[in-house]
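A short write-up of the structure that comes next.
The analysis underlying the following values was restricted to heavy atoms, covering all of them including side chains, and did not include hydrogens, waters or symmetry mates. Because the structure is predicted, anything quoted here is derived from the model rather than measured.
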There are 2 protein chains.
Amino acid sequence: MENLDEETDKKTTILSDLLVQGSYEELTKIILEMPTVEVCEFLNQQTEEKAFKVLELFPKEQQGTFLSGMDIESQLKLFRILEKPVFAQLFSQMASDARADFYQRLEKKEQGELLPFLQKKIRENVISLSSYPPDTAGGIMSTDFATIYIDMTAEEAMAKIREDAPSKKMIYYIYVVDHLQRMLGIVTIKELIMANPKNKIEDTLQEFFVYSEVDDDRESVALKIEKYSLFAIPVLNPFKQLVGIVNHDDAIEILKAEQTEDMEKFMGIVPSEIGENYLTTSSFQHFKKRVFWIVSLAAIGMLSGIIIHQYQNVLEQYIILAIYMPMMTATGGNSGSQSATLVIRALSLGEISSQDWLKILFKETKISFMISLCVAAVIYAKIYFLSFSATTRNFDLSLIALTISISLALQVMTAALLGAGLPLIVKKFGGDPAVAASPAITTAVDITGLLIYFTIATLLLNI
Amino acid sequence: MENLDEETDKKTTILSDLLVQGSYEELTKIILEMPTVEVCEFLNQQTEEKAFKVLELFPKEQQGTFLSGMDIESQLKLFRILEKPVFAQLFSQMASDARADFYQRLEKKEQGELLPFLQKKIRENVISLSSYPPDTAGGIMSTDFATIYIDMTAEEAMAKIREDAPSKKMIYYIYVVDHLQRMLGIVTIKELIMANPKNKIEDTLQEFFVYSEVDDDRESVALKIEKYSLFAIPVLNPFKQLVGIVNHDDAIEILKAEQTEDMEKFMGIVPSEIGENYLTTSSFQHFKKRVFWIVSLAAIGMLSGIIIHQYQNVLEQYIILAIYMPMMTATGGNSGSQSATLVIRALSLGEISSQDWLKILFKETKISFMISLCVAAVIYAKIYFLSFSATTRNFDLSLIALTISISLALQVMTAALLGAGLPLIVKKFGGDPAVAASPAITTAVDITGLLIYFTIATLLLNI
């Protein structure tokens, strides 16, 4: 990524210089050689006046493509400085999904300013796409797809595609519909090219195809695109009519956002929405997303105080035990978080399911047993050979070392099983395993760890 | 995902029944209606004998497609039961990248058994693709792409594509090369269809295109596919010859694997390789990946013991302070992990860079100040009004409550700044910010937390 961005930065500097100098011809030439994404990044960085100056150098259709790829914030700035009929022309050339996203971000009043200048067909398209909730298939789909009718020949189909495929349409999959727009199947452009021109579409039609419904959750749409390695997935309404498609690049974006959400949940942060950005989100917003877990876990963490209070006499007799308390709880937390991370990840990749719980717990028992042995041996040696001399008053150091290393071993194993078990239980009851978050596990393990520690101490030190 | 998998499970049961009953005709019919991925999942679940029986029902080319999508383990089983000339035929029909991956998994001896039965062209292709390191563009690319020559007309180009495009080739992008296979540009199939048949390819050629080099890291290849929303990216050798393409579905797989790696690093687990699976990885392998951090952090955690040892007299005087010690360290850990998660994620999404460090730290200061106030107020109230009566011997409870809540507030802020700062520092020095992992931050914060706690206690309680 680093390198990609550096290259882009270099080009951006050159373009900015040309823009300042007014060398529009040179500027146009370089922009035409650049990938669209980079042009859009460059436009995002300009003032709205300059961005429009650059856009004007290109044909209308190209302007629409560039505008579609720009940030919504930059699009809004352009909307605000341009005469509404001028903006409406640009807007009409945008990709249908980008257009609907932008339209939804406008105030009611602004929407009213724009609508009168749109052609009826585009106005209807915008309003219809904007009516779907943003986290559904309908909310992310585009209407830029190519259709043919089932009773056409391959030759006629090809002619229709040539005729109504302006540059923004995806024509890798050609969707076959009846005259009521109900979807009957798919033909890939390749099959169409390879087919005998006189053959009926019926003969090459793939009748069975993967699709989403218009109110499907956007994550399930992305997962289908991924699972079936699709370039795009058709979206059908309840009447089985083809109303849109979702492209594979949207799937990548959704899967990334869902993953961020998982990581955030796992760390006890209220998940961010698509398009939210660390720096532009206000501190107060951040605060609201983080405070709940911190305060609740601190309150729950006081429970560990009750345990210590219970064993206060042990602590008073053997103040050395207090010295190893933080290490005890922290090691449990680390062990539990490791297991939880692996199990949650494996669940979300579909490598395991709740039904495998016995196998998973058995595996974690074996793994944590081996880790326990190592960590107990190291800590025993450390205490026995390198202990803080001042603390060895009149008690048997080897017994203290034994107490601590046995407790630690049990703590590591309990924590691993809790870390693996909690997400499985949450999943079993239909929840999102990521809420069995690392902070929750750490807090739980603090409590079990102290219980183990003081129980073992009481037994071994005969208190 | 759940739903997708359930549907697949149902189909699988039906297919298995048909297979047992020997109803091959019905079986064939259903399989032809299923997406390839699902057929491959079904074949993976069968014994190698049954899987071959199913494969045999289809034309050779289709067999190759199914075999390509199967697990390498299942492919290996088939290899072992089949006569080598029979397997060689199947193998020749596989997708070139799947073929090379499989070939690399064979023992030297087994490779020798297979090679003699391959056609020269395929033999050379397999050996050449297998020669690239698996984590480079060369190691993941396929050679199933379509090329045309620059001096052709659109009509001639279309004829060449029709002629040499067997079903496995991706023809969305047509790669334009000279007669030495050097890449000159790209034409999309759509441009070719829309072009005047008599026009030269030169006229529609996109001369400037995004590509990868054969020894580029596979992650950078995936990031390019994502950034530029490509269906596939061409891979060039040092002579600028087109040697392969990497498809968008490989990019999704790589990005997912890299993300798992980040999460694992973040939790102090040695990252897994692509294709490693939680359940099939042996416990000892898991152990090796996890033990290092647990033991090292436990050892470092002993440092917190030194601090407690230092303040042993404070603890002996005010044993109540021990009661709140675990809550103090745990809350710091949670606060630090939250900040670290957000910063690492924002870094990896490119929302922030190391240069923004001042803005980020300022933001974290504001956020954690607000969190501090809340958590300190709650804990003060809890201690003052609901304290364990037995511990209130002869000291001023309000002073204890003040000590603990001030320390806690400082601890939350320090932890947030450490959590945000450490990944930035690691990144600044060219490291992977994910190694400033949650366990590392928790351990660091334990130490700073105890220092803060005992310093404030000494000051306020006049010890």
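In this structure, the portion of A:Met325 lying under 4.5 Å from any heavy atom of chain B is its side chain and not its backbone. Only the side chain of A:Asp356 comes within contact range of chain B, with at least one heavy atom under 4.5 Å from a heavy atom of that chain. Using a 4.5 Å cut-off between heavy atoms, A:Asp446 contacts chain B through its side chain alone, with no backbone atom that close. If you measure heavy-atom distances from A:Ile371 to chain B, the contacts under 4.5 Å come from both the backbone and the side chain. For A:Phe284, the parts sitting under 4.5 Å from any heavy atom of chain B are the backbone and the side chain alike. Only the backbone of A:Thr281 comes within less than 4.5 Å of a heavy atom of chain B; no side-chain atom from C-beta onward does. A:Met158 touches chain B through its side chain: at least one heavy atom from C-beta onward sits under 4.5 Å away, while N, CA, C and O do not.
Across every non-hydrogen atom of A:Ile308 and B:Ala322, the tightest pair is CD1-O, 3.4 Å. A:Ala298 and B:Thr331 make their closest contact through CB-OG1, 3.6 Å (heavy atoms, listed as atom of the first residue, atom of the second, distance).
Of the possible donor and acceptor atoms, one in the side chain of B:Arg162 sits under 3.5 Å from a partner among the backbone N and O of A:Ile193. With A:His248 contributing its side chain and B:Leu230 its backbone, the two residues share a donor-acceptor pair below 3.5 Å. Remark: side-chain polar atoms of A:Glu33 are not paired, donor with acceptor, to backbone N or O of B:Phe208 under 3.5 angstrom.
Using a 4.5 Å heavy-atom threshold, the side chains of B:Lys256 and A:Glu226 count as touching.
For the atom pair CD1 of B:Ile404 and CE of A:Met302, the computed distance is 7.5 Å after rounding to the nearest 0.5 Å. Note: B:Cys374 SG to A:Ile294 CD1 = 11.0 Å, rounded to the nearest 0.5 Å. In this structure, the separation between CD on A:Glu364 and CZ on B:Arg290 is 4.5 Å, given to the nearest 0.5 Å. Here CD1 of A:Ile323 is found 11.5 Å from CD1 of B:Ile307. Values are rounded to the nearest 0.5 Å. A distance of 5.5 Å separates CE in A:Met170 from CZ in B:Phe231, rounded to the nearest 0.5 Å. Atoms CD and CG, on A:Glu207 and B:Leu32 in that order, are 11.5 Å from each other to the nearest 0.5 Å.
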